[in-house]
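First up is the structure itself, then whatever we jot down about it.
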Amino acid sequence: MAVVTYEEAERYISGIPGFAAKHTPEDAKKLLNEITQDGIDARIIHVAGTNGKGSVCAYLRSILMEAGASVGMFISPHLETMRERISLDGRMISREDFALAFEKVKKILPPQRERHPSFFEFLFLMAMSYFKEKKPEYIILETGMGGRLDATNTIEKPDVCVITEIGYDHMQYLGDTLEEIAEEKAGIMKRSVPVVFADRHEQATKILRRRVRQLGILSVIVGKDHISAVNIGKKTIDFSLHTGYYNYVSLFLETTALYQVENASLAVCAAQILSEADGRIGEKVIRRGLRTAFWPGRMEEVLPGVYLDGAHNEDGIEAFLNSVRGIACRGKRRLLFGAVADKRYESMVRQLVGSGLFADVAVTVLASQRSVSFDKLQEVWGQYNQIYCSYHKSAEEAVSRLLSDREEADLVYIAGSLYLAGQVKALLRRMPDD
């Protein structure tokens, strides 16, 4: 039994950003070796990219579980609770196991405060401690921000790497150009480890191809030419994926998020590579796994006619807008928007206004120190007089205004930040059913 409580562990971890700096890869590797001792006996899938990482992880987990495998997963960020970051077979870590994993990591930390692992590194070590004990057959690891210097990149030889769409995000850390950002993401590639990646932007693809050639590894590239016959239903999407393994006709997704077609395709290609050593992963298993997969905060219909999407950068907003266009609306489209200050939120606002899709926007400050300020939100949105905007000091106030003004045929969308997505999900859970 843990000595500390879950609440104490969560409080300690939440305070880490105030005093810890990111370790060198060597420091992180040393701590990983100490927490896992003789390593972890599991097949590991390593996922990097700018947008879609969590979705790819979710699709892969669903496919592997459909095959009968036990699957551990470590993701970032979380929407509502830290426990979401560490899961086994689709169930997030229990409060008791979270506290136990916390104690195990705390016990191995060096005494020097300046060598304390960062927030993300600490949680990664907790996840690996938990997986060491639970012994899943597969472990899916999502990078936090980049790739090359990420704590998850201390895993020396995963079974397959996946790199999702690369776009402009975390530029203060990863670089100002797509080429520079792609170099960081490509850092997860390793000799003798196959890689699957999205061919979305020519500048990024060029860097990824070059790294593949340098390492001499197998690569599977998913581009527009590989996906066809995309059909958007009322709450579903089906499509065909042409790969070197099979020609899939009418793969089926339970979502209205058009961008999930590419993410599901990346997961399918990674699963096909894994199937070479695991005969349980066949075509029918892959189909069922895709169909039953769910990932919260991605065009999630949280109430009838109310869609929540974690779009939090320019590429995410563009993908969100494409999905909005695919959903028929007989009334007005209304939008709830909030963003953090270190994103290119002015460009995101320009995209949203320029789409002409929304008749009404409620703009809110987030319950986070990273939020764009109330005055700045008013300044940015106030430049556009072709759209009605209201400004709110809390997401609760903004949601209340949109829902009270909404008419029966209207659709409501929530986008701009994963912080906002988590806050709204928690808020709606507290709302009375009537």
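On a predicted model such as this, the values are computed, not experimentally measured, just so you know.
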When you check the gap from the basic side-chain N to the acidic O, do [X] and [Y] get nearer than 4.0 Å?
{"X": "Lys376", "Y": "Glu379", "result": "yes"}
{"X": "Glu183", "Y": "Arg210", "result": "yes"}
{"X": "Lys343", "Y": "Glu314", "result": "no"}
{"X": "Glu180", "Y": "Lys185", "result": "no"}
{"X": "Glu254", "Y": "Lys235", "result": "no"}
{"X": "Lys224", "Y": "Glu262", "result": "no"}
{"X": "Arg287", "Y": "Glu283", "result": "yes"}
{"X": "Arg85", "Y": "Glu142", "result": "no"}

Taking the six-membered ring for Trp, are Trp381 and Phe337 parallel (under 30°), tilted (30 to 60°) or perpendicular (over 60°)?
perpendicular

Parallel, tilted or perpendicular for Phe120 and Phe74, by the 30°/60° rule?
tilted

Do Tyr259 and Asp309 have side-chain atoms, one donor and one acceptor, less than 3.5 Å apart?
yes

Using only atom types and a distance under 3.5 Å, with no angle test, would you say the side chain of Arg298 pairs donor to acceptor with the backbone of Pro296?
yes

